Peer 1: 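Quick one: structure below, then a few questions.
Along the sequence shown, residues carry numbers from 1. Here the structure is a predicted model, which is why all the values come from computation and not from measurement. Side chains included, hydrogens not; waters and symmetry mates left out as well; all remaining heavy atoms used.
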Amino acid sequence: MSTLWWVKDVRAGLLPWVLPAAAFCGAFAPAALSGAQAYGYAATLAGPPAHLPAAGGPAAYVPAAVVGLLAAAAARAVPGRPWPLLVLALADAVLRAPGLLLAVASYVAATALRRPTPFALYAVPASLVAVIPQPGAGLVSALGGAPLFAWLPLALGLWAGARQEVVAGLRERARRLEREQEVRTEQARAGARPDRTRDARRRDTPGLAHGPAGGSAGDQRDRRKDRSGGGTDSRNG
């Protein structure tokens with residue numbers, strides 16, 4: 001049991017850091033990977049021609065680290081405030097390239113935005129950013145990036161959100177049943193207390209303690225006198 005509780009404590013301590021770590025690492029792929037293709041509006045404006053595959057590597061680590069730190073800080077506010085992470089992921093997908101950070105943001109949007117309007121406000125721009133070919137990227141690459149970085153994470157997030165709602169409903173039902181059981185137990189105990197009090201009063205009262213067979217103290221004295229008188233008459237006879 002101690003080992004199980006230790007595992008639960010470690011898991012509870014690590015869970016708040018899973019999303020920030022995923023957002024930080026997602027900022028490095030694919031734009032900062034070694035040999036990555038130089039595409040994206042920022043690479044087109046500031047770097048070599050977009051058709052040259054020379055953008056990845058150490059030169060891309062600095063912007064990736066900056067975006068990763070900002071994304072990790074924004075992820076700490078999820079689920080209360082998911083929009084900073086979502087806006088940052090969309091801007092990064094436009095300026096650099098759609099990547100794993102957009103996938104993380106899509107998953108967060110599907111789990112945190114439960115209303116249709118806010119969900120559509122993110123899902124439509126994310127799909128457009130992922131599917132529209134950027135400078136240096138072909139149509140085939142864009143069409144493959146949309147399902148990978150937008151649609152699949154959105155579907156997984158919707159499934160995870162629905163599962164969380166079901167689990168939360170089952171837990172609430174279990175807590176409600178437990179409270180009802182406690183109330184019934186307390187009512188049963190309260191109903192048993194008057195019976196115990198009445199029995200205690202009967203034991204404390206002499207006439208009630210002996211019951212109908214014993215009778216009161218006066219009745220017992222009368223019966224003893226009758227028995228004594230009957231015995232005398234029989235002897236005299």
Peer 1: Any side-chain heavy atom of Glu182 within less than 4.5 Å of one from Thr185?
Peer 2: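 Of all side-chain heavy-atom pairs linking Thr185 with Glu182, none is under 4.5 Å.
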Peer 1: Let me confirm one number: the CZ-CG distance from Phe24 to Leu100, rounded to the nearest 0.5 Å.
Peer 2: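 Those atoms lie 13.5 Å apart.
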Peer 1: Kindly indicate whether the side chain of Leu177, heavy atoms from C-beta on, has any atom under 4.5 Å from the side chain of Gln181.
Peer 2: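 They are not in contact (no side-chain heavy atoms under 4.5 Å apart), so the answer is no.
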Peer 1: Do Val104 and Leu156 sit in one hydrophobic cluster, given that two such residues count as connected whenever their side-chain heavy atoms are within less than 4.5 Å of each other, even indirectly?
Peer 2: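 Result: no, two separate clusters.
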Peer 1: Minimum heavy-atom separation for Leu101 and Ala27, please, with both atom names.
Peer 2: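 Heavy atoms only, the tightest pair is CB-N, 4.2 Å.
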Peer 1: Enumerate the residue pairs fulfilling side-chain hydrogen bond (donor to acceptor under 3.5 Å, both in side chains) with a member in residues 159-170, sequence neighbours excluded, ordered by first and then second residue.
Peer 2: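 Found Arg114-Glu165.
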Peer 1: Are there over 12 heavy-atom neighbours, none belonging to Arg184, within less than 6.0 Å of that residue's CZ?
Peer 2: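 Count over threshold, so yes.
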Peer 1: Taking only residues two or more places apart in sequence or in another chain, which ones pass salt bridge (charged side-chain N to carboxylate O under 4.0 Å, His left out) with Glu172?
Peer 2: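 Once residues adjacent in sequence are excluded, the partners of Glu172 under the salt bridge (charged side-chain N to carboxylate O under 4.0 Å, His left out) criterion are Arg175, Arg179.
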Peer 1: Just by distance, do the side chain of Tyr122 and the backbone of Ser106 share a donor-acceptor pair under 3.5 Å?
Peer 2: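 Yes; judged by distance alone, with no hydrogens or angles, the pair exists.
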Peer 1: Ala23 and Ala72: which non-hydrogen atoms are nearest, and at how many Å?
Peer 2: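 Answer, listing the atom of Ala23 first, then Ala72: CB-N, 4.3 Å.
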Peer 1: Is Val67 reachable from Tyr107 through a run of I, L, V, M, F, W or Y residues, each pair having side-chain heavy atoms under 4.5 Å apart?
Peer 2: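 Result: no, two separate clusters.
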Peer 1: Which other residues belong to the hydrophobic cluster containing Trp151, where Ile, Leu, Val, Met, Phe, Trp and Tyr are joined when side-chain heavy atoms lie under 4.5 Å apart, directly or via other members?
Peer 2: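 Members besides Trp151: none; it forms no cluster.
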Peer 1: Would you name the heavy atoms of Phe149 and Pro98 that are closest together and state the gap between them?
Peer 2: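 Closest approach of Phe149 to Pro98: CE1-O, 3.5 Å.
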Peer 1: Please identify each residue that fulfils ring pair (Phe, Tyr, Trp, His ring centres under 6.0 Å) with Phe119, with sequence neighbours left out.
Peer 2: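 Counting only residues at least two positions away or on another chain, Phe119 forms no ring pair (Phe, Tyr, Trp, His ring centres under 6.0 Å).
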Peer 1: So, for Ala146 and Ala130, which heavy atoms are closest and what is the spacing to 0.1 Å?
Peer 2: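 That closest heavy-atom pairing would be CA-CB, 3.6 Å.
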Peer 1: Can I get a per-line list of side-chain donor-acceptor pairs under 3.5 Å for residues 77-94, giving both atom names and the distance, sequence neighbours left out?
Peer 2:
| unit_1 | atom_1 | unit_2 | atom_2 | d |
| --- | --- | --- | --- | --- |
| Asp92 | OD1 | Arg96 | NE | 2.5 |
| Asp92 | OD1 | Arg96 | NH2 | 3.2 |
| Asp92 | OD2 | Arg96 | NH2 | 3.3 |

Peer 1: Can you list, by chain and residue number, the hydrophobic cluster partners of Val167 when the side-chain cut-off is 4.5 Å?
Peer 2: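 Its cluster partners, ordered by chain and number, are none at all.
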Peer 1: Could you state whether Phe28 and Leu69 fall into the same hydrophobic cluster, counting links through intermediate Ile, Leu, Val, Met, Phe, Trp or Tyr residues with side-chain heavy atoms under 4.5 angstrom apart?
Peer 2: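 In one cluster: yes.
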